[in-house]
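A short worksheet on the structure shown next.
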Amino acid sequence: MARDISSTLARAYSSAKCQKMLKSLCLIPRVHCWVLYIDILILECGGNLYDAASVAVKAALYNTKIPVVTASSTDGDKPELELSDDPYDCRRLDVLSIPCVVTISKIGYGHVVDASMEEEACCLATLITAVTADGNLTAVKKSKGGSLHPESIYEMLETCQQVGMKVHAVLMEKLREEEEHQQMAMGSQHKAKGFL
Amino acid sequence: MAGVEIISNEGFRNDGRRPNELRKLQCKMGVFAQADGSAYIEHGNTRVLCAVYGPHEIRGSRTKALHDRVLINCQYSMATFSTGERKQRPRGDRKSTEMTMHLRETFEAAILTQLYPRSQIDIFVEVLQADGGNFAACVNAATLALIDAGIPMKDYVSACTVGFAEDQALMDVSHLEESGHNAALTLAMLPKSQHIVLLEMSSRLHLDHLRTLMEMAEKGCKDVFLVLDQAVRDHVSEATQFMNT
């Protein structure tokens with residue numbers, strides 16, 4: 001299942017829409033680039049893993065700080081990379097084009113988003129879609145054992161689009177809020193939301 | 001690493017502690033709804049999660065079943081993002097296998113294993129952030145998780161890692177103090193009976209210093225026990241508050 005999630009997310013991020021963010025990781029075309037490792041650790045499974053994982057990845061990418069590297073061309077054809085001396089000199093990633101996964105499950109005649117464990121257990125089939133902030137779908141996958149009529153698929157995809165766009169809007173707002181809080185609370189003891 | 005000083009001239013360590021001070025210890029029980037017992041512990045910057053499942057029927061091969069006591073299945077795993085450099089193999093490498101075995105031995109000594117013959121108890125430990133004293137934090141987290149799961153034990157198991165650098169014994173070492181050629185001793189004990197369940201030391205140490213290190217480790221374990229005990233009492237009183245009304 002872990003490989004399923006990682007391959008679905010990889011497919012979602014490999015679309016043309018996300019190329020902008022991926023291109024920003026290039027240092028010298030065809031020579032050097034940043035390798036970005038995204039490690040997802042699932043602590044508890046309460047249903048709807050794909051969505052939660054994709055939201056977490058987007059939030060983590062928003063939080064990622066990449067050191068500024070300048071390429072200085074020395075004599076010959078081997079360019080040298082110089083890391084900036086200041087440890088806080090870094091740039092952020094543009095996550096606006098990163099899609100979020102919305103899983104929609106068909107239960108009976110209707111469909112639900114964000115299914116819990118119990119709802120997942122009794123659904124006919126699920127559609128796992130990756131939606132960008134402007135409503136474009138970058139990946140679609142049908143899973144679970146039931147069969148879907150094309151008409152229901154169209155309906156479900158429309159719902160996914162709407163839900164996806166809302167999720168993006170709310171997520172970006174929350175991330176910006178959280179960032180402001182962190183910056184304001186720099187002096188005082190900022191307690192990050194964790195287990196404690 | 002040659003230029004790094006572990007203890008300053010005034011006797012303070014890198015994080016401002018005195019040699020005999022523990023790091024800030026915070027813990028929470030019952031963090032997962034699905035596991036039978038779970039706990040989260042923070043020793044300074046070292047963060048460890050533990051989940052306990054059981055006692056339940058033996059999973060996998062029935063041949064492993066013990067006719068007179070419970071089978072304890074442990075798993076020690078370090079998240080890929082727990083160390084400074086990305087850790088390629090979360091589990092299955094030698095260090096993790098060794099830690100897994102030590103965890104199992106530690107808790108076989110503490111859990112009342114004769115109460116659940118032909119059954120299995122799973123202890124899964126995940127190190128989220130590793131900053132020294134990882135194994136001790138795992139043992140403490142597992143103790144709390146086992147208590148949360150209601151598994152009967154002879155006593156708490158509290159653990160502490162002490163280091164020896166610049167002729168000084170240091171309690172609850174951080175990663176910086178643990179690395180290099182400094183000796184580090186990990187002790188896990190049952191605090192009330194003062195029985196030692198695990199003793200592990202790495203690097204070289206002169207025999208004359210062993211007593212000092214052991215005494216400091218025992219003191220550390222007793223201090224940790226006080227914090228763990230308070231955490232358990234707070235958790236139980238919180239839980240029973242809703243039951244009484």
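Quick note on labels: first sequence line is chain A, next is B, and so on, each numbered from 1. The structure presented is a predicted model; accordingly, all values stated were derived computationally and were not measured.
Atom CD of B:E57 sits in a sparse spot, with 12 or fewer heavy atoms from other residues, nucleotides or ligands closer than 6.0 Å. Under a cut-off of 6.0 angstrom, the local environment of NE2 in B:H175 is sparse, with at most 12 non-hydrogen atoms contributed by other residues, nucleotides or ligands. The number of heavy-atom neighbours closer than 6.0 Å to CZ of B:R59, taken from other residues, nucleotides and ligands shown, is 12 or below. Heavy atoms of other residues, nucleotides or ligands lying less than 6.0 angstrom from CD of B:E105 number more than 12. More than 12 heavy atoms of other residues, nucleotides or ligands lie within 6.0 Å of NZ in A:K65, so this atom counts as buried by the packing criterion.
Considering OG1 of B:T80 and CD1 of A:I40, their distance stands at 10.0 Å, rounded to 0.5 Å. Separation of atoms OG (B:S77) and CG (A:L41) is listed at 7.5 Å; rounding is to 0.5 Å.
Neither the backbone nor the side chain of B:A51 comes within contact range of chain A; no heavy atoms are under 4.5 Å apart.
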Run the side-chain contact (heavy atoms from CB on, under 4.5 Å) check on A:L43 and B:V31 step by step: do they pass? CA-CA 10 Å; A:L43 298 174; B:V31 288; over 6 Å; no
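Using a distance-only test at 3.5 Å, with no hydrogens or angles considered, no donor-acceptor pair links the side chain of B:Q34 to the main chain of A:E44.
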